[in-house]
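Read through the structure below, which is laid out as structure tokens, and then see the notes.
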Amino acid sequence: MPTIPRDKLPESTLALFRDGYEFIGKRCERLGSDVFQTRLMLQKTVCMRGPEAAQVFYDQRYFQRKGGAPLRLQKTLFGRGGVQGMDGEAHRHRKAMFMSLMTQESIDRLVRLMSDKWRAAILKWAEKGRIVLLDAAREIMCRAVCAWADIPLKEAEVRKRTRDFADMIDDSGGVGPRYWRGRLARMRAEKWIGEIIEAVRANELNAAKGSALRTIAFHRELDGKLLETRIAAVELINVLRPTVAVARFVTFAALALYEYPDWRRRLVRQKDRELELFVQEVRRFYPFFPFVAARVSKPFDWQGYHFPAGARALLDLYGTDHDPRVWDDPETFRPERFLAWDGSPFNFISQGGGDHYENHRCPGEWITIELMKEAVRLLVMSMDYIVPQQDLTVSMTRMPTMPQSGFVIADVRPREVIV
Ligand code: HEM
């Protein structure tokens with residue numbers, strides 16, 4: 001059986017930093033294959049892209065998450081002991097805890113909280129000259145998700161907590177001081193949330209039934225035990241941190257409204273269906289998380305190649321969302337393409353693939369879509385602003401990336417009738 005095509009470099013870590021989001025795609029093109037092997041951070045790694053690769057990557061007979069993600073990502077982005085590194089029955093049970101928070105009613109409540117906080121912020125922005133939308137949206141998301149989850153958040157700590165949630169994500173792909181900033185942010189957040197969980201368990205702090213705080217504080221593992229405090233904190237942060245990160249997609253949505261003014265005009269007419277097409281295309285088109293990692297748990301053959309047990313595997317999320325075999329003219333921003341999308345769980349995977357309950361696919365996907373839709377409504381319907389000269393370049397080598405300026409808006413005015 002032929003061996004998996006090999007990247008020509010003996011060690012590709014530097015090439016990964018140089019090619020960023022395009023690292024896997026470029027090599028797949030060059031080698032004429034959806035799969036190749038290389039060495040990354042001194043480890044043999046199999047890189048894969050495309051819907052067929054995604055389908056096998058999410059097949060739990062062959063891949064496990066334990067030992068998949070590099071330790072440095074666990075120490076910044078995920079936290080150790082969380083759902084991301086679990087497999088099998090234990091994963092399904094832990095995942096059900098997250099999915100129980102995702103009822104329509106609960107998502108609607110979060111969107112309402114975000115919307116109220118955004119409307120209040122418009123009045124403050126109007127008094128300021130310039131606003132960096134990424135920072136402002138992060139603060140709104142942080143206020144909203146803490147209120148939704150029942151986490152007490154004093155006014156004086158809003159800025160600091162928002163920064164820490166943002167840094168855990170922003171610095172996860174960094175090295176040196178950037179990595180350390182992310183790691184310290186995680187340590188502070190785990191301490192803060194850990195103390196809140198203990199206070200709820202000791203009945204010193206009330207948390208509403210069905211809230212994320214109560215659900216996670218009193219979640220029982222398969223053996224009937226409560227989660228260790230540190231792990232409960234990691235899981236609650238697994239809800240808070242990525243909700244703050246929705247601000248990054250909101251910033252990309254604002255960039256798209258600016259770069260494609262026809263769409264801005266179309267959205268003023270407020271058709272929910274069009275809003276959905278627009279938001280889906282923002283999630284497909286702009287880069288966020290580049291890859292996900294797993295490990296081959298059992299040797300298997302796929303597309304004529306042998307996958308040895310123990311190999312690390314990386315699935316290309318960005319490259320799959322830009323695969324020209326699935327997405328016609330993938331480098332063009334065209335929301336209408338979603339009218340004809342087949343809804344496959346493996347070809348549009350910016351938040352992971354497969355099934356939300358059974359696999360590792362992001363449980364926050366509906367929250368993300370609904371928060372983005374509301375943010376776009378607010379940007380288009382509830383405020384006027386100008387976009388001054390600035391550097392809007394989106395680097396493809398910084399991971400995760402964003403418009404260089406964070407998207408500055410100025411001269412913000414609330415619309416006469418705030419709907
Ligand atoms: C900002 C937009 C978001 C993006 C781009 C995003 C992306 C992702 C990705 C790529 C994964 C990994 C999928 C995999 O391992 O196969 C993931 C997993 C996860 N996401 Fe999100 N996510 C976002 C928002 C959210 C929100 C709002 C929540 C919280 C409610 C959330 C909670 C989680 C959790 C808990 C996991 C781990 C699931 C598991 O391992 O089973 N995410 N997300």
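As a basis for the values below, the full set of heavy atoms in this structure was taken, side chains included, without hydrogen atoms, waters or symmetry mates. Both counts, for ligands and for their atoms, begin at 1 and track the order of listing. For reference, positions follow the sequence shown, starting with 1.
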- Task: For the residue pair F285 and Y260, categorise the inter-ring angle as parallel (less than 30°), tilted (30 to 60°) or perpendicular (more than 60°).
- Result: perpendicular
- Query: Are more than 12 heavy atoms from other residues, nucleotides or ligands located less than 6.0 Å from atom CD of E52?
  - Reply: no
- Query: What is the closest protein heavy atom to atom 5 (C) of ligand 1, and at what distance does it sit?
  - Reply: F288 CD1, 3.5 Å
- At under 4.0 Å between heavy atoms, which part of V292 makes contact with ligand 1: side chain, backbone, both or neither? side chain
- Query: Hey, is the main chain of S115 close enough, under 3.5 Å, to the side chain of E374 for a donor-acceptor pair?
  - Reply: no
- Shortest protein heavy-atom distance from atom 24 (C) of ligand 1, along with the residue and atom involved: T368 OG1, 3.3 Å
- S211 (side chain) donor-acceptor with R214 (main chain) under 3.5 angstrom: yes
- Message: If we set the cut-off at 4.0 Å for heavy atoms, which region of L315 has an atom near ligand 1: side chain, backbone, both, or neither?
- Response: neither
- Message: Using ring-ring contact (aromatic ring centres under 6.0 Å, His included), reason through Y286 and F249 one step at a time and then give a plain yes or no.
- Response: CA-CA 8 Å; Y286 292 101; F249 266 154; 8.5 Å; no
- Would you mind finding which of N238, N359, L240 brings a heavy atom closest to atom 32 (C) of ligand 1? N238
- Item | Heavy-atom nearest neighbour of atom 41 (O) of ligand 1 within options M99, M141, R92, H91 | H91
- Task: Would you mind reporting whether E235 and F98 have side-chain heavy atoms less than 4.5 Å apart?
- Result: yes
- Item | Taking atom 31 (C) of ligand 1 as the reference point, the nearest protein heavy atom with its distance | P242 CG, 3.4 Å
- Query: Any chance the rings of F278 and F333 have centres within less than 6.0 Å?
  - Reply: yes
- Message: Does E89, at its CD atom, have more than 12 non-hydrogen atoms belonging to other residues, nucleotides or ligands within less than 6.0 Å?
- Response: yes
- Message: Quick check on contacts: which atoms of ligand 1 are under 4.0 angstrom from a heavy atom of K95?
- Response: 38 (C), 39 (C), 41 (O)
- Query: Tell me: protein heavy atom nearest atom 33 (C) of ligand 1, and distance?
  - Reply: P363 CD, 3.4 Å
- Query: Looking only at protein heavy atoms, which one is nearest to atom 20 (N) of ligand 1, and how far off is it?
  - Reply: C362 SG, 3.2 Å
- Should one rank R241, Q351, R283, R65 by closest heavy-atom distance to atom 6 (C) of ligand 1, which comes out on top? Q351
- Does M102 come within less than 4.0 angstrom of ligand 1, counting non-hydrogen atoms of the residue? yes
- Test side-chain contact (heavy atoms from CB on, under 4.5 Å) applied to L236 and I216, I196, T215, L227, the passing residue: I216
- By number and element, which atoms of ligand 1 are closer than 4.0 Å to a non-hydrogen atom of F249? 2 (C), 5 (C)
- Query: Cation-pi between R295 and F63: NZ/CZ under 6.0 Å from ring centre and within 45° of the ring axis?
  - Reply: no
- Heteroatom proximity flag, H360 to ligand 1, N/O under 3.5 Å: yes
- Item | Contact with ligand 1 for Y58, non-hydrogen, under 4.0 angstrom | yes
- What atoms of ligand 1 come closer than 4.0 angstrom to any heavy atom of L317? 10 (C)
- Query: To the nearest 0.1 Å, how far is atom 27 (C) of ligand 1 from its closest protein heavy atom, and which atom is that?
  - Reply: T243 OG1, 3.6 Å
- At a 4.0 Å threshold, what atoms of ligand 1 neighbour a non-hydrogen atom of V246? 1 (C)
- Query: For residues E331 and H322, is any side-chain donor paired with an opposing acceptor at under 3.5 Å?
  - Reply: yes
